[in-house]
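Predicted, not measured: the structure shown is a model, and the values here were computed from it.
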Amino acid sequence: MDKRAGLVVVGALMIAAAYCLPPAFDEVYYWTWASAPGWTYYDHPPGVAWAIAAARVVFGDGLLALRVVGLGGAAVVAVASVASARRLADDPRDASYLALLTLAGSMMFVIGYLPATPDVVQGAVLALATHALIRSRTSRVAAVVAAALFVGGIVVKHSSALVLIGVAATLVMRRPRVFNSPWPWLGAALGAALLVPWWLADTEGSTAFQAARVFSAAKVRGVVGVPLTVGAMLLTLGVPFTVAFFALPMRRLSVVESALTAGAWCLVLACAVAAWLGTGEINWVMPALVVALPVAVARLSAKRRRLYVVVTAVTAAVWAAGLLHIVTPYLPLEPAKDRTLRSAGFDVIAAEAEALARTHGADTLVARRYQIASMMRFWTADRLAVYELGTSRESQYDRWPRPPLRAGDRAVVVLPTQRLPDGLTPIGPATRVEQTRAGRALGTYVLTPVVVSAEFTRQ
């Protein structure tokens, strides 16, 4: 069997898994952002909302639009990475295979890029920027595009700024010939034209949120943050790529290769600092793979290639088994610990809540957390207003005006418990709806029709 057949299998499983994967809490939250496109949001820059809004225009308001963003972004990363690796490597055909195999061996790419989140949009932008930078050696247009994407891409996710710092600093120090032309500066100006309006609008938004998240940790981990960062790379990016990345000979790289590697290193070091301070998530290191993959593949020695292929293929097989579990759950995992199941079953819960609302003449659904409120909005396609009570963790819903709940209004409360907030009085029996997928019980939600009293206040 051709060695590339395995890559075809992984690609087919990704498509099947995207079809079977329930919409995740995060991506329906960003779906609600896309319902009100703007320059700033609470958690992240607006790029993911713009991407989902564009997909909704073409593919509608359902799951297809979300999966087009996820799979479309993954496809862009794959195609751009292959094209970049072919331009840097001595053997373009072998480089194509190694690039795709490396992606197949990355958990973050194979599984993490299925939902429509800032990560997959960021990956697509950085992969295109990487390819444009490689082509900038012979193309003025590519120089403009590379600069525009590296600068403007920050509106997708803040960590793109770290990649930009490493890339730009290297180019300034080594000053390639194209740097003496106006083209990269024109591209940077175009990127800034997108970046500045967001920055001006974001004075109390996502930048402040992310800064507080990183620098206001309750517990500092200290030096243990370094191995945690390496561990995150080994798990999400793959062991072979991580080893190849750390082994890259910086002094023997070309200017463009050095710039891309420096961008990846800047990101990795920042992740280590965040882990040192007691914060950080494993997905934060993914841009290091996107921008450094072509360099790592091109610089992989013939001596190490065989071991690289074998280990990466084994890793890819593990993630393929994970994709198969998403298609048809078979692994003996507790439902509460199975991250592929947590958001399943809300289509049924939303349908029951909407039917109960019609029965009792209610026009509002009430939920406690922003994730559940977003699920209700997504599965009812905003046919009903959704009032999010909120928790101690602030979200975009705390920034949006809430729909009014006046004395005498009727609503349906959607909570995992029958206990109601003060000021909401039942007007009918509560309905229990099981959250299930593939016959597996995941939890229970209680739907209660209520009338609002004059004493109701958000808690």
Side-chain angles (χ1 to χ4, degrees), residues 1-12 14 74-106 108-110 123-124 126-139 142-143 145-146 167 170 174 176-178 233-234 237-265 286-317 319-320:
M1 184 174 67
D2 186 274
K3 62 182 181 180
R4 291 168 176 79
L7 299 176
V8 174
V9 171
V10 173
M14 287 183 68
V76 169
V77 171
V79 171
S81 296
V82 166
S84 298
R86 289 175 65 89
R87 283 187 168 268
L88 292 180
D90 296 329
D91 184 348
R93 187 176 180 183
D94 189 50
S96 299
Y97 172 68
L98 289 174
L100 290 175
L101 183 63
T102 301
L103 292 174
S106 164
M108 186 61 197
F109 178 81
V110 171
L126 287 178
L128 291 173
T130 295
H131 183 62
L133 182 62
I134 292 170
R135 293 195 60 183
S136 68
R137 296 174 297 180
T138 57
S139 169
V145 172
V167 170
T170 302
R174 299 190 60 174
R177 184 173 57 184
V178 70
M233 295 179 68
L234 294 171
L237 311 185
V239 174
F241 169 80
T242 302
V243 173
F245 171 71
F246 285 121
L248 281 173
M250 291 294 291
R251 293 183 178 181
R252 296 200 298 270
L253 299 180
S254 68
V255 175
V256 167
E257 290 173 332
S258 296
L260 294 172
T261 305
W265 264 109
M286 183 61 183
L289 172 64
V290 176
V291 298
L293 184 154
V295 185
V297 167
R299 290 290 181 163
L300 190 63
S301 67
K303 182 179 180 181
R304 297 176 180 175
R305 187 167 297 143
R306 182 178 179 83
L307 181 61
Y308 186 95
V309 168
V310 171
V311 177
T312 309
V314 171
T315 308
W319 305 139

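- Taking the side chain as every heavy atom from C-beta outward, V256 and V295 never approach each other to under 4.5 Å.
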**Report entry** W319 and V10: CA distance, side-chain angles, deciding distance, side-chain contact (heavy atoms from CB on, under 4.5 Å) verdict
**Finding:** CA-CA 9 Å; W319 305 139; V10 173; over 6 Å; no
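- In this structure, the side chains of L260 and L253 stay at 4.5 Å or more apart for every pair of heavy atoms.
- Across all non-hydrogen atoms, the minimal contact from A132 to A142 is O-CB, 3.4 Å.
- L289 places a side-chain heavy atom less than 4.5 Å from the side chain of M286.
- In the displayed structure, R174 atom CZ is contacted under 6.0 Å by more than 12 heavy atoms of other residues, nucleotides or ligands.
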Query raised in the report: Does the side-chain contact (heavy atoms from CB on, under 4.5 Å) test come out yes or no for V243 and Y308, once each step is laid out?
Result: CA-CA 10 Å; V243 173; Y308 186 95; over 6 Å; no
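- The shortest heavy-atom contact between A262 and T170 is CB-OG1, 3.1 Å.
- S106 places no side-chain N or O within 3.5 Å of a backbone atom of T102 that could act as its donor or acceptor partner.
- For the residue pair P287 and L126, the shortest heavy atom distance occurs at CB-CD1, 3.7 Å.
- Here the shortest heavy-atom pairing between V309 and L98 reads CG2-CD2, 3.6 Å.
- Residues A80 and A127 share a closest heavy-atom pair of CB-O, 3.6 Å.
- At a threshold of 4.5 Å between non-hydrogen side-chain atoms, the residues V297 and F241 do not count as touching.
- The CG atom of L248 sits 5.0 Å away from the OG1 atom of T261 when rounded to the nearest 0.5 Å.
- Residues forming a salt bridge (charged side-chain N to carboxylate O under 4.0 Å, His left out) with R305 (at least two apart in sequence, or on another chain): D94.
- Sequence neighbours left out, not one pair with a member in residues 77-92 passes salt bridge (Lys or Arg N to Asp or Glu O under 4.0 Å).
- In this structure, A129 and A146 approach most closely via the heavy-atom pair O-CB, 3.9 Å.
- Side-chain contact between L88 and I134 is present, with heavy atoms from C-beta onward closer than 4.5 Å.
- A side chain to side chain contact (heavy atoms under 4.5 Å, CB included) with F109 is found for one member of L237, L293, V77 and no other, namely V77.
- Residue pairs meeting the side chain to side chain donor-acceptor pair (under 3.5 Å) criterion with at least one partner in residues 290-303, sequence neighbours excluded, are E257-R299.
- A donor-acceptor pair under 3.5 Å is absent between the side-chain atoms of S81 and the main chain of A99, judged by distance alone.
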